[in-house]
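Contents: one structure, followed by commentary.
Every chain is numbered from 1 and lettered A, B, ... according to where its sequence line falls, protein lines coming before strand lines. Note that these values count all heavy atoms, side chains included, but never hydrogens, waters or copies made by symmetry.
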2 protein chains.
Amino acid sequence: MIRNGTKETKRQHNELHILSAAEEIFAQHGYNGAPLELIAERAGLSKQNLLYYFPSKKLLYQKVLESVLDNWLEFMALLDQPGKDPATKLEHYIRGKIEFSRTRPNGSKVYANEIISGAPHLSNELKARLLQHLEADLKLVNVWIAEGQMDPIDPAHLFFMIWAATQTYADFSSQIEIVLGRSKLEASDFEDAAKFVTHVILKGIGIKN
Amino acid sequence: MIRNGTKETKRQHNELHILSAAEEIFAQHGYNGAPLELIAERAGLSKQNLLYYFPSKKLLYQKVLESVLDNWLEFMALLDQPGKDPATKLEHYIRGKIEFSRTRPNGSKVYANEIISGAPHLSNELKARLLQHLEADLKLVNVWIAEGQMDPIDPAHLFFMIWAATQTYADFSSQIEIVLGRSKLEASDFEDAAKFVTHVILKGIGIKN
DNA sequence: GTCTATAAGGGGATAGAC
DNA sequence: GTCTATCCCCTTATAGAC
């Protein structure tokens, strides 16, 4: 058991736990308000030990951000449903983003915080990747419009609305919980949200199906 | 000019400048990341002098938050348009919230940050006022549904969507600017947003007009 | 009301033993 | 890889002169 594989496993194990803890603490306290000691405690090790795995707070934060963005971009793959009609594709997209809010609310909050602050830690490379994915989706919607399959709306604003209306169930969960009288949002709440957002947006842009 | 009135004017003048500067700095850096010195500098006085007007950072932040919430609640007065039809009232509501995003983006960001963090500084009194206003709006929408003036959707989710879709133009402005290719959102962008959100939501919930 | 000086604590990061 | 000890800066807040 002195093989290299063992060491790698332990490092990976600890790094995963640290990243998970960091996502939670950064979401709750923001970048500046999150003490490394709290993240370390949540991950089950000391602050100094955490700094052994991630040499600086900034780097740890950027790793969290990168991981969230990767996940976010996966759900932007609106085009990856060959042969389906616009209504099915859009519903798939909306449900994917709701699912992201449900399964990774802390990641969504970290990303929201970053954008609200003016994206000071977001690399140009990540921004470019985001834009690239979006461009493809915008083009597709424009094709649907040209084909008369939906109302002639501005595709960019459509995506702003989808992102906002789906991410709010993660980012603003504390407010939504109060309004709905929940201590925590349940799976059925997310299902209600998916149904509502899909219904209003598809009907609202005049999708024919 | 040794009258009390003169002193009061100066105090009010400085307090207003401090609150305005604080709203901007808190929006950009979050509560923990905003140094008092930066707020003081933006307001044109020393940190110690700022602390003369606002004895603690927490209190200053709460004053900013309270001011934003008051403004937010004004725009929730959906009912204050007696005699109008549902379509007009909802459009008025949506345009009001877009206008809030346009004219007070920093306030919107401060509020967003607070909610994302779990609303640790929001007093129960403010929460209660928010809920109270909302209850009235929810009832009104339920009446419209009962009268068959719109689709039978869940009113709570309708408001979550309106809030999210309008506030995103303030909170996520840095992202929207990148997508739209703007250095800063212009009045015409907010007009486009208002038209889009109104169109999609009114049509999406089947409002008859 | 405004200034200088300073207390007091938090938190990121490093050094070095084991 | 993990621990103890420590450095050092930043920031909130207070004391007290003017």
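The distance between atom CG of A:Leu50 and atom C1' of D:dT2, rounded to the nearest whole Å, is 13 Å. In this structure, B:His29 places its NE2 atom 15 Å from C1' of D:dC10, rounding to the nearest Å. C:dT14 atom P lies 12 Å from atom CG of A:Leu59, rounded to whole Å. Atom CG of A:Asn32 and atom C1' of D:dC9 are 14 Å apart (whole Å). In this structure, CG of B:Asn49 is placed 14 Å from C1' of D:dC18, rounded to the nearest angstrom. Put simply, CG on A:Leu51 is 14 Å from P on C:dG11, counting in whole angstrom units. Straight-line distance from the CD atom of A:Gln12 to the P atom of D:dG1: 11 Å, rounded to whole Å. Between the OH atom of B:Tyr52 and the C1' atom of D:dA17 there is a distance of 16 Å, rounded to whole Å.
For B:Lys10, the side-chain atoms get nearest to C:dG1 when compared with the rest of C:dG1, C:dA13, D:dT2. Listed candidates were D:dT2, C:dT2, C:dA13. Nearest to the side chain of A:Tyr53 is D:dT2. Listed candidates were C:dT14, C:dG11, D:dT12. Nearest to the side chain of A:Pro35 is C:dG11. Closest contact between the side chain of B:Leu36 and the listed nucleotides D:dT12, C:dG12, D:dG1 involves D:dT12.
Counting non-hydrogen atoms under 4.0 angstrom, B:Ala34 reaches the backbone sugars and phosphates but no base.
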Determine all donor-acceptor pairs shorter than 3.5 Å in which one atom belongs to a side chain in residues 58-66 of chain A; sequence neighbours excluded.
unit_1: A:Tyr61; atom_1: OH; unit_2: A:Glu114; atom_2: OE1; d: 2.6

Per-pair distances, 0.1 Å, donor-acceptor, side chain in residues 126-140 of chain A, under 3.5 Å, sequence neighbours excluded:
unit_1: A:Arg129; atom_1: NH1; unit_2: A:Asp70; atom_2: OD1; d: 3.2
unit_1: A:Arg129; atom_1: NH2; unit_2: A:Asp70; atom_2: OD1; d: 2.8

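Less than 6.0 angstrom separates the ring centroid of A:His157 from the ring centroid of A:Phe160. Ring centroid separation for the pair A:Tyr93 and A:Phe159 comes in under the 6.0 Å cut-off.
Within a 6.0 Å radius of CD in A:Glu37, no more than 12 heavy atoms belonging to other residues, nucleotides or ligands are found.
Between A:Met150 and A:Val141, some side-chain heavy-atom pair lies under the 4.5 Å cut-off.
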Expected rows: protein N/O vs nucleotides 5-9 of chain C N/O, under 3.5 Å:
unit_1: C:dA5; atom_1: N6; unit_2: B:Gln48; atom_2: NE2; d: 3.2

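In this structure, B:Arg11 forms a cation-pi arrangement with B:Tyr52, its terminal cationic atom sitting closer than 6.0 Å to the ring centre and no more than 45° off the ring axis.
In this model, the phosphate group of D:dT2 is not approached by any side-chain N or O of A:Ser46 to a distance below 4.0 Å at OP1 or OP2.
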